[in-house]
Number of protein chains: 4
Amino acid sequence: MNPTLARAVPTPVPALELFASIRAHSAGLAAPLGDADATVQSMPDASPAKWHLAHTTWFFEAMVLERFSPGYAPYSPTFSYLFNSYYETLGARHPRPRRGMITRPSLDEVMAYRAHVDAAVESLLTAGASPEAEELVELGCHHEQQHQELLLTDILHLFAQNPLHPAYREPAPAAVGHEAPEAGWIGFEGGIVEIGHDGAGFGYDCEGPRHRTLIEPFRLADRLVTNAEWLAFVEAGGYRDPLLWLSEGWAQVKAEGWEHPLYWLERDGLWWSMTLNGLQPLDPAAPVAHVSYFEADAFAAWAGARLPTEAEWEHAATSLGALPPQTPDARLRPKPAEDAPGLKQMFGEVWQWTRSPFVPYPRFAKADGAVGEYNGKFMCGQFVLRGSSLATPPGHARASYRNFFQPDKRWQFSGLRLAEDA
Amino acid sequence: MNPTLARAVPTPVPALELFASIRAHSAGLAAPLGDADATVQSMPDASPAKWHLAHTTWFFEAMVLERFSPGYAPYSPTFSYLFNSYYETLGARHPRPRRGMITRPSLDEVMAYRAHVDAAVESLLTAGASPEAEELVELGCHHEQQHQELLLTDILHLFAQNPLHPAYREPAPAAVGHEAPEAGWIGFEGGIVEIGHDGAGFGYDCEGPRHRTLIEPFRLADRLVTNAEWLAFVEAGGYRDPLLWLSEGWAQVKAEGWEHPLYWLERDGLWWSMTLNGLQPLDPAAPVAHVSYFEADAFAAWAGARLPTEAEWEHAATSLGALPPQTPDARLRPKPAEDAPGLKQMFGEVWQWTRSPFVPYPRFAKADGAVGEYNGKFMCGQFVLRGSSLATPPGHARASYRNFFQPDKRWQFSGLRLAEDA
Amino acid sequence: MNPTLARAVPTPVPALELFASIRAHSAGLAAPLGDADATVQSMPDASPAKWHLAHTTWFFEAMVLERFSPGYAPYSPTFSYLFNSYYETLGARHPRPRRGMITRPSLDEVMAYRAHVDAAVESLLTAGASPEAEELVELGCHHEQQHQELLLTDILHLFAQNPLHPAYREPAPAAVGHEAPEAGWIGFEGGIVEIGHDGAGFGYDCEGPRHRTLIEPFRLADRLVTNAEWLAFVEAGGYRDPLLWLSEGWAQVKAEGWEHPLYWLERDGLWWSMTLNGLQPLDPAAPVAHVSYFEADAFAAWAGARLPTEAEWEHAATSLGALPPQTPDARLRPKPAEDAPGLKQMFGEVWQWTRSPFVPYPRFAKADGAVGEYNGKFMCGQFVLRGSSLATPPGHARASYRNFFQPDKRWQFSGLRLAEDA
Amino acid sequence: MNPTLARAVPTPVPALELFASIRAHSAGLAAPLGDADATVQSMPDASPAKWHLAHTTWFFEAMVLERFSPGYAPYSPTFSYLFNSYYETLGARHPRPRRGMITRPSLDEVMAYRAHVDAAVESLLTAGASPEAEELVELGCHHEQQHQELLLTDILHLFAQNPLHPAYREPAPAAVGHEAPEAGWIGFEGGIVEIGHDGAGFGYDCEGPRHRTLIEPFRLADRLVTNAEWLAFVEAGGYRDPLLWLSEGWAQVKAEGWEHPLYWLERDGLWWSMTLNGLQPLDPAAPVAHVSYFEADAFAAWAGARLPTEAEWEHAATSLGALPPQTPDARLRPKPAEDAPGLKQMFGEVWQWTRSPFVPYPRFAKADGAVGEYNGKFMCGQFVLRGSSLATPPGHARASYRNFFQPDKRWQFSGLRLAEDA
Ligand SMILES: [Fe+3]
Ligand SMILES: [Fe+3]
Ligand SMILES: [Fe+3]
Ligand SMILES: [Fe+3]
């Protein structure tokens, strides 16, 4: 989920209320972290929690306050350098792989920076901001939500590097486990369908334009692939059979020594998984998570199926009315599907790899200026994931949402759902 | 152009005649090369000429002779190891980046190997082979044609590493240069169209199934982008403006120090290009060649246009009846478009990047066994090129042909044609 | 200064007193650091401050308490894994380049670990420990002193990565600057001399055996090379003339783009240097610091001189009675030589590169067991530095001390003194 | 054995005779090679045979003909660029790792270049050249001898990359094998001894100045370590015990997966070795070859001994009158020691690693100009080897000769002889 900018669309929630609640949510996410936890960068793909907290704040400063709050002075000139992410148009920036070198400002100082900017934005909104400013605040809120998910994703990766396997949050008493229901297929007709954001409410530029596309008849699994199913793949030698894999994927398997999903660990014949609750026994009924596109594609080949296209996924979600959760959920691990008929787990557990490369929709055009640097420039070498994960903040997901990552990435909350031709 | 296998389709040309002419064409391509020229591997992506000559021979040995010629003994057991390319199903093989270490067998010995296999295949065909054997011979012929183009492509890359800039063949007396005609747009309606191989004649697995697809109204340039146009892009700072580039492309520009197409060279204010005729003055009217997808995409953005999709390209070619050249042409460099109305240069100059990632067509299924290892496993991280180049052997190109390479590759005879939304 | 083990030698300072003062000194060094400062690893060569604090503590636990304190239970089994450094004989250990991933235990928790071990060691010593135990405590103290210097060295490297250039400690009001005196030569006779540790007091294994060696007549500079002299070398093109450099050094200059010592920075024609007091104007009279052997050797060639051998250095120091400082000095930057006759700055400013590779003295033998893993295994590819630096704790330096690093390392407090043949 | 320049010393052999015989020897070495064999570069450390043949020729052209033959025109301006090796003072040069890209000029063309230069040098010498010119011819001859050994060394490395294991020359009928005699120790007194070239006859700059040095009493093995002894080390787990290895050596063992000397190969429980005669059964009585310093040092540690210093080696050789072979020997593999008393195998089998880093002798000074670029700039990170190998041309070896390589290099004809303190 790379940070993206939005098409301008009015929002029903008052900007001030939205802003306050989203900013508070970030602070809550940071609460369990020490200064060191929030500072270290565990790999170039990941960013320190402190960086997420400061960068989202810088976004409001650079995009809103400096343009709409007369007389606003940046909190610190060096912060602009440190916390710009990748906007070539917006000046020099600290190199991404060196974000973990910044031990100062400390976490406390970053929180003070947040408070300073919060006060200025709230004062602007209270005084009555222009529609353009309000839209940019809304955009900043959605941007911050993306970073909220990344903050959790990156902290899990960091803690997984520590032989002590620390927990971001201690687990609640375990619910009594239940088994996953048998997977079933749901059939869909082919034909011309419409996909893409319809303009009602917020959406990122790459979600549109809404357009017609032709799909063939297909079937979609009614739930996600589980850990138990993945374990069968492991035990059947799935990671040792080159014929199941894309050529580049197989090279990766050998180069990295992949034998199971990221964060799985075998000890004395038992399987464990590193989670935000620390090291936990693998739940066979829960959806598999932290698999790459390469692995998802190989699994599907082994299972005699395929991954859905993003058009199939979106058509299924909208035609059957699947909706993302709107209320917070304190879980930090995916949970098994309920034993109920119909399409399940489209949102809120793990992002679902599709077989669709991330390309522009017909008539997509990049915006001018900094805005134009966004999704367009990532449209190469990435695959689309659909749905949302347990780490996605409430209110952030929707059926037209296009998340995307390179096919070798595994540290996201990413899983899969099978499809087949009808 | 990765080697691929075919869907079984009867051919109109007698197999023996096809075989003899294609094998002779390879020998002709090798004629200007010394033993050293034919042995060295200039980069992991490229293969030695000797390897192309031996590998295509091994293909007939492994796929035809060992299965259909009772009593045939392989010419040499080690050759199977040395000249298998990437068939995981067909046993161990010499690592690709080490192909250039094989100074023995010498070029002469490889030609002797070719003669041995030629005799055996011709004897099999003369005695009357089964339809399956004939089909595999035909497949081997198309496979060899792919390697014929690669042989020239790789030799150019090798000779370009040599400060002496040797010529593969001395140029013929230069034709009187002419200017390229003004480029024009040709418009096409949108709607549901059919693309893909129609089953008549030979085609690779990935060219099918033929299927319906939905296109929007668009315009296609009637000729290829020229060196003069590309030079304008260079001089306008195209290689220095990150906003024109895909993010990954820009990283490549900086990492590799790209400032112009591969094989361009500036000396005292004049531009030269390394070609199979040695170092030659850049021809402003000729199509630009040896550009990557990243460069083609950036150029299109700079020109206010875009690359076509592969469906658009194929629809334009078939609806307007563009046909590849059927007769040999001794040229080793692309030539300018004629000053005539209509769609020009669809075939025979340079491959044309499309904006379509190389993905399976709907209902595409990998074949079983060695055949199944082919195009399917490369369907990740590559973009489709359409048309054909001057290095493509006569009879090899067709409108449904899907060539594909990673977006950073530049050593192919690859250029571009612009498109835009209508 | 790689951590090393000692030859057993009785010490005049009571072990308890030594232990308490050295442990307190480490705590004092940690005082200016936040949790994040103490956690991040700025490069594989460096270690986090927290790691230095914990590793030196683990050393007492593993070498003393577990062997001499009956019933002592390790503070935490995972700490042994995390804080072992490189002792192949002492079990698995956390990989060195990943020391910066350990955000937990926090700095506070590490200080609690220190307190726990301090109490146990003090209780052992108070109760009366065996001579062997006392010797190991003394060894642990010298080991900790090495890490005290490394802690400062590594913190400077870390803070130098931060565009904010934070100060480890704010500078005291600047003394009135004075110029460095003219450098003079001091002559020495040749002949057979004795070098190496004489057995009185503590010494590391590699400092002995004391032995005879043959030296030729030579002259040694009476002070260190200054920043002003180095600047002249820079301005004379010293970093651009390959003939001054060792072949490997020149490759390094080009690969890394070296143009001046590490931590130098030019802004608008003025030179600055990153120091433990933050970014400071370069002091022309102070000794140059943070240069590699390659640079020191090239400078000497440019100056028409050479680096001394370690035998020359040690003979000069002992024959002229140069002594290291015995009392603490709060400075964090090297200071200019005094304007006085005689040999100056042999200790307490910067380590001095010699031209001697780090090799065993005649009849040197590795000890058995863990002790044997020490200096012996580093006797390849390193050069000896002599003297001590401002970061060396009082009481740690002596004339026979052999510090050593690879010739490309620059982050130590390393400078040079010239020599020439007489 | 890096190419080096000489101190000027008159030679007893007439220059013309020396020149003719050495040039003819090179041509003989090239005779078994095809164009491809002579062109490919098997690794950056190695050079193509064609390059050795051309570079040694360029040396005479640049150092002799262009300075002493009025009116001599270089054979080809591009050859100077292609065949300069590393002389920063002598203009731009083709990058070393890309020497294998030069398929043209062909081997035949290089031999024509040699003939052209041979004629010009012989004409100069016949006409009567100045003493300076004669000295440079002599230097060029010694330089060419170094490259003669490298040519064989590099061809062996190239052929070892080929799964066909081609032979540079087919082996003569095998002599009846005999066992190596028991190794014995020869004792030497300590004291001040003189080493270094004494000025009589040719010597390289780094072999002098002759000087006094102090050695301690020691014992030297009377023969080289054999393959059988090395196999015992392998079988005792020598490659798996980190305590035997230098730290950097152990890292290399693990990174490269070393389990035995380079060119050893185990098949079905039998050991083979790749040689210039192709793949041959390992001869247990012959000296081990193709081991690195790291391996030699670890073996010595395992054997309870050490490597000699270069002073010890030279003192032993000169005091006992060991002499290199003066007549050609067609062998391409080392042979076992004879069963005779006294010091054996000091020359003519394998170079012998010493524990001495390659550093300047006291009062060594680099020469001015191109000559000064030689040995001096390699005096870092290398260890000295003494003696000579079967690939060293007759007349090239002497007791003061200092060969040197980095401690991880294995492709030379390098072995070892043990020493110990007396
Ligand atoms: Fe962002
Ligand atoms: Fe092929
Ligand atoms: Fe230590
Ligand atoms: Fe040379």
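The chains referred to below are lettered A, B, ... by the order of the sequence lines, with proteins before strands, and numbering in each begins at 1. Predicted, not measured: the structure shown is a model, and the values here were computed from it.
- Residue B:Leu164 touches chain D through its side chain alone, counting heavy-atom pairs closer than 4.5 Å.
- Heavy atoms closer than 4.5 Å to chain B are found in both the backbone and the side chain of D:Pro105.
- Proximity to chain D (any heavy atom under 4.5 Å) is shown, for B:Ser106, by neither the backbone nor the side chain.
- Contacts between B:Leu82 and chain D at a heavy-atom distance below 4.5 Å involve the side chain alone, from C-beta outward.
- Crowding of D:Glu259 atom CD: a count of heavy atoms from other residues, nucleotides or ligands under 6.0 Å not exceeding 12.
- Note: B:Met101 CE to D:Leu158 CG = 7.0 Å, rounded to the nearest 0.5 Å.
- Between B:Ala36 and D:Thr103, the shortest heavy-atom contact is O-CG2, 3.5 Å.
- Here the side chains of B:Pro163 and D:Thr78 are not in contact, with every heavy-atom distance at 4.5 Å or above.
- One distance of note links CG of B:Asp35 with OG1 of D:Thr39; it measures 7.5 Å at 0.5 Å rounding.
- With a 4.5 angstrom heavy-atom cutoff, D:Arg104 touches chain B via backbone and side-chain atoms both.
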